[in-house]
Amino acid sequence: MDIDLKEFLFERVLDENTLAHTLAVLGTLPSPSAPLPAILRFERTPLPSNVPSQLSSGILASTKQTGGNDIYSWFSAWLHKRDDIPDLKIYVICPATDVHIRKYTKQDFLMVRETPALYHSIIRPYILAFDPARTQWVRDILAGTAEASKILNASPDFLIFPDMKWDDTNISTLYLLAIYTHSDVSCIRDLRKTPHLSMLKALKRDASRVVHDNWGINPGGVRMYIHYQPSYYHFHVHIVHTGHIGLNGMTVGQAHLLDDVISMLELDPDDGPSILERMTFTYGLGTEHGLYKPMAAALAELHEDV
């Protein structure tokens, strides 16, 4: 759909992150039938690495000194408007569902311990009931009807392409996504030594080659990790520059390094249940997450039994 952001009607702020320089707001955008709920997420774009070298060429429109002490001074500054240096990146979700609104709303988090039993009684039914409409964009990419020109590498098992969170410019904030082309893995719990170990190793090799060939990034220059719980239940791997810090998705308890997952699968026997199937996972759940209430109740019951 064609979107004119000047027609956005603001309702309320959902969340603000001063560390990540982001702001999420809820409002509406017009449509032929009725206004549609919309989420706008504003993000300050990072400065390109060539900005300092252009200071003498007049890249600064104006400056204002706001303080100083001994050898230290600090300024506010404004850049000249340039097409290659946008001030903001704006993500738009329209029409936004209640699930989207909850996801982008500021919330408290609770650390929960998910045993295999809780996975089968609470998590697995939640995954099976997951609305297919929330992963339609994934199926469109796999079918080649969306973002086909952005694919950086296509193998029988994974497609690698830039994540929408990257500005396609600043290498230090490089963010790629590898989406699994099959449907037998919903999340990390479904991974097995056979047949998934070899394809995860191949993905690591492919991703390392892609970032080196396209941006000159040497081995060890990116983090590759898997979320649990993920935002959506179609298996995927995040590939992020090591210089990109402060991302919520890299939080301990949510991000599991691909190398560590590979190592655990290597320790598995050739047959029998996978270690990822047998282990207990500890992670944070936001109060607006669909799993929060049942998992919080299970955690409370567990504490009562202690």
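Residues take their numbers from the sequence shown, with the count starting at 1. Remember, it's a predicted structure, so these values are computed and weren't measured experimentally.
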Practice item. Take Val92 and Ile39, measure what side-chain contact (heavy atoms from CB on, under 4.5 Å) needs, and give me the verdict at the end. Key: CA-CA 6 Å; Val92 181; Ile39 294 173; over 6 Å; no
**Study point:** side-chain contact (heavy atoms from CB on, under 4.5 Å) between Tyr119 and Arg189, worked out
**Key:** CA-CA 9 Å; Tyr119 170 76; Arg189 285 266 193 197; 3.9 Å; yes
Point to revise | Stepwise side chain to side chain donor-acceptor pair (under 3.5 Å) test for Asp157 and Ser155 | key: CA-CA 5 Å; Asp157 296 313; Ser155 73; 5.2 Å; no
Does [X], at its [atom1] atom, have more than 12 non-hydrogen atoms belonging to other residues, nucleotides or ligands within less than 6.0 Å?
X: Lys204; atom1: NZ; result: no
X: Arg278; atom1: CZ; result: yes
X: Phe10; atom1: CZ; result: yes
X: Asp108; atom1: CG; result: no
X: Arg139; atom1: CZ; result: yes
X: Asp4; atom1: CG; result: yes
X: Lys165; atom1: NZ; result: yes

Review point. Looking only at heavy atoms, which two atoms of Pro30 and Glu7 are closest? And how far apart?
Key: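 The pair with the smallest heavy-atom distance is CG-OE1, 3.1 Å.
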Please state whether the rings of [X] and [Y] are parallel, tilted or perpendicular, taking 30° and 60° as the class boundaries.
X: Tyr283; Y: Tyr228; answer: perpendicular
X: Tyr232; Y: Trp137; answer: perpendicular
X: His238; Y: His227; answer: tilted

Backbone N/O of [Y] and side chain of [X]: donor-acceptor pair under 3.5 Å:
X: Lys193; Y: Asp268; value: yes
X: Arg223; Y: Thr242; value: yes
X: Ser263; Y: Val261; value: no

Review point. Are the ring centres of His256 and Phe281 closer than 6.0 Å?
Key: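 Yes, the ring centres sit under 6.0 Å apart.
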**Study point:** Audit row: Leu258, Ile226, side-chain contact (heavy atoms from CB on, under 4.5 Å) steps and yes/no
**Key:** CA-CA 7 Å; Leu258 178 61; Ile226 302 161; 4.2 Å; yes
Exercise for review: May I ask you to test the Met295-Glu114 pair for a side-chain heavy-atom distance under 4.5 Å?
Suggested key: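 Of all side-chain heavy-atom pairs linking Glu114 with Met295, at least one is under 4.5 Å.
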Practice item. I would like to know whether Phe42 and His21 meet ring-ring contact (aromatic ring centres under 6.0 Å, His included); could you show each step before the answer? Key: CA-CA 8 Å; Phe42 300 88; His21 306 293; over 10 Å; no
Review point. Of Met199, Glu277, Met264, which is the lone residue that meets side chain to side chain contact (heavy atoms under 4.5 Å, CB included) with Leu191?
Key: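 Of the listed options, the one satisfying the test is Met199.
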Review point. Side chain to side chain contact (heavy atoms under 4.5 Å, CB included) with Leu29: which of Pro37, Cys94, Pro35, Pro95?
Key: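 The single option meeting the side chain to side chain contact (heavy atoms under 4.5 Å, CB included) with Leu29 is Cys94.
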Check your understanding: Step by step, would you call Tyr104 with Asp15 a side-chain contact (heavy atoms from CB on, under 4.5 Å)?
Key -> CA-CA 7 Å; Tyr104 286 94; Asp15 192 13; 6.0 Å; no
Exercise for review: Could you tell me whether the side chains of Asn17 and Thr22 share a donor-acceptor contact shorter than 3.5 Å?
Suggested key: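 Side-chain D/A pair, Asn17 to Thr22: absent.
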